[in-house]
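Shown next, in structure tokens, is the structure this report addresses.
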Amino acid sequence: QVQLVESGGGLVQAGGSLRLSCSASGRDFGTLAMGWFRQAPGKEREAVAAISRSGGFRSYADSLGGRFSISRENAENTVLLQMNSLKPEDTAVYYCAANLGGRDSLRSGNYEYWGRGTQVTVSS
């Protein structure tokens, strides 16, 4: 069983930055591909970014326009999401997820483990 705990969410003004962190435990972190997803009120959950086991492959949702960056620190069992130039439409609960398949997938169905989420609110 894998446990995921997100942190780093909060309230930020439009144009600002936040860095989300997800700490994993329960399994060798290097065997997990990781992803970030988000869900805004009244909307379906959508993919944000994903990273492969080694960190060599990364994928991003096209809608982000290059504003977000995913990275991982395997020695610390942590995956990060750096979010820059935030917009009010980025307001959502952000979830960390882990998949055993190893690929940087943006499909939520490929992920076996999920965190509880962290709220990000961007004010205009």
Specify whether Y111 and F37 have parallel, tilted or perpendicular ring planes, treating 30° as the upper limit for parallel and 60° as the lower limit for perpendicular. perpendicular
Under a 3.5 Å distance rule, please check whether T121 uses its side chain to pair with a backbone N or O of L11 as donor and acceptor. no
Decide yes or no for C96 and V79: does some side-chain heavy atom of the first lie under 4.5 Å from some side-chain heavy atom of the second? yes
Y113 and Q1: which non-hydrogen atoms are nearest, and at how many Å? CE2-OE1, 3.8 Å
Judged by modelled atom types alone, do N74 and E76 share a side-chain donor-acceptor pair under 3.5 Å? no
Report yes if some heavy atom in the side chain of L81 is under 4.5 Å from a heavy atom in the side chain of R19; otherwise report no. no
Side chain of S124, backbone of P88: donor and acceptor closer than 3.5 Å? no
Any side-chain heavy-atom pair of V2 and L4 under 4.5 Å: yes
Within one Ile-Leu-Val-Met-Phe-Trp-Tyr cluster: L106 and V48, side-chain cutoff 4.5 Å: no
Just so I know, are the side chains of L32 and N99 near enough to count as touching, which here means a heavy-atom distance under 4.5 Å? no
Nearest 0.5 Å, what's the OG-CZ distance between S85 and R67? 7.0 Å
Would the F68 and W36 ring centres measure less than 6.0 Å apart? no
Do L100 and R27 have side chains that approach each other closer than 4.5 Å (heavy atoms only, starting at C-beta)? yes
Could you list the residues that satisfy ring-ring contact (aromatic ring centres under 6.0 Å, His included) with Y94, not counting sequence neighbours? none
Could you tell me if the side chain of Q82 sits less than 4.5 Å from the side chain of S17, heavy atoms only? yes
Got L20 and L80 here, is their nearest side-chain heavy-atom distance under 4.5 Å? no
Non-hydrogen atoms of M34 and C22 that approach each other most closely: CE-SG, 4.3 Å
Give a yes-or-no answer on whether the side chains of S105 and N110 include a donor-acceptor pair shorter than 3.5 Å. yes
Are the side chain of E6 and the backbone of G117 linked by a donor-acceptor contact shorter than 3.5 Å? yes
Return yes if some donor-acceptor pair links the side-chain N/O of Q119 with the main-chain N/O of G10 below 3.5 Å, else return no. no
Taking R72 for the side chain and R53 for the main chain, is one N or O donor matched with an acceptor at less than 3.5 Å? yes
State, with a plain yes or no, whether a side-chain heavy atom of Y60 is found less than 4.5 Å away from one of S69. yes
Going by salt bridge (Lys or Arg N to Asp or Glu O under 4.0 Å), name the pairs with one or both residues in residues 38-50, residues two or more places apart or in two chains. R38-E46, R38-D90
Using the rule that Ile, Leu, Val, Met, Phe, Trp and Tyr join whenever any side-chain heavy atoms are under 4.5 Å apart, tell me whether V120 and Y95 fall into a single cluster. no
I70-W114 co-clustered via ILVMFWY side chain contacts under 4.5 Å: no
For the backbone of V122 and the side chain of T91, can you confirm whether one donor and one acceptor N or O come within less than 3.5 Å of each other? yes
Check the surroundings of atom CZ in R58: do more than 12 heavy atoms from other residues, nucleotides or ligands lie under 6.0 Å from it? yes
